[in-house]
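Along the sequence shown, the residues carry numbers beginning at 1. Keep in mind that this is a model prediction, so the values were computed, not measured.
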Amino acid sequence: MEFYNQESNCVFCTSYALYKAQQKILYENEGAYAFLSYKPSNFGHSMIVVKPHIISLRELQSPAVNLFFNAIENTYYALKKIITESPQKIMNFYQNLLIDPPEQESVECAQLQIKKGVPLTSPKGFNWGMNYGYKAGQRVAHLHIHLFPRYNGLGIATAMRKHLN
Ligand SMILES: [Zn+2]
């Protein structure tokens, strides 16, 4: 939506056009977009990001709140489909992270996923997770939620960002 406020120095505001051009959007509607994480915690780890530059949940008003939850649900279906039908696309995405990493951490995250390979089973469940505040692991001050496919009983706490404090 053109009237949405955007921040030129925010990675989630600027990434949308780039990912769109690179065909890296997993799902989108008028209010949100989703993509595979460039710092994957596990195979298929994805992010759903609101399109306007909103930081807190309080700023998320109707109809944006409906669009966000719609994207949260539909990204789950889109991700389940790609993992089941074409997991190699996800592996290719990780291979490309080694060539052109958005962040240094992307390299080690991608290397780990490549080493582990395509999971032998389809996901048994999914977790959504929101890091709210720096100490909770939030690194981009733009409202977003993580989606983690679960293959072998991993709990959500083990896949959320690790912290020293
Ligand atoms: Zn932003």
Below 4.5 Å, heavy atoms only, C-beta onward: do H142 and V49 meet side chain to side chain? yes
Dump the intermediate steps for side chain to side chain contact (heavy atoms under 4.5 Å, CB included) on L143 and Y132, then the final yes or no. CA-CA 9 Å; L143 192 62; Y132 210 61; 4.2 Å; yes
Salt-bridge criterion met for E28 and K51 (N-O under 4.0 Å): yes
Check whether more than 12 heavy atoms from other residues, nucleotides or ligands sit under 6.0 Å from atom CD1 of I99, and answer yes or no. yes
Can you check whether P40 reaches C109 side chain to side chain, under 4.5 Å on heavy atoms? yes
Decide yes or no for F35 and I48: does some side-chain heavy atom of the first lie under 4.5 Å from some side-chain heavy atom of the second? no
Compare all side-chain heavy atoms of L36 with those of Y19 and state whether any distance is below 4.5 angstrom. no
Please find out if less than 6.0 Å separates the ring center of F148 from that of W128. no
Residues pairing under salt bridge (Lys or Arg N to Asp or Glu O under 4.0 Å) where one sits in residues 52-72, two or more places apart or in two chains, turn out to be none
Students often mix this up, so state it plainly: with edges at 30° and 60°, are the rings of H144 and F12 parallel, tilted or perpendicular? perpendicular
Tell me whether the NZ or CZ atom of R150 lies within the 45° cone about the ring axis of F126 and under 6.0 Å from its centre. no
Got Q6 and Y16 here, is their nearest side-chain heavy-atom distance under 4.5 Å? no
Residues forming a side-chain hydrogen bond (donor to acceptor under 3.5 Å, both in side chains) with N96, sequence neighbours excluded: none
Does a donor on one side chain and an acceptor on the other come within less than 3.5 Å for D100 and Y38? no
Hydrophobic cluster membership, with links at side-chain heavy-atom distances under 4.5 Å among I/L/V/M/F/W/Y: are Y27 and V65 in one? no
Is any side-chain heavy atom of N42 less than 4.5 Å from a side-chain heavy atom of H45? yes
Is the backbone N or O of A71 less than 3.5 Å from a side-chain atom of Y33, with the two atoms forming a donor-acceptor pair by type? no
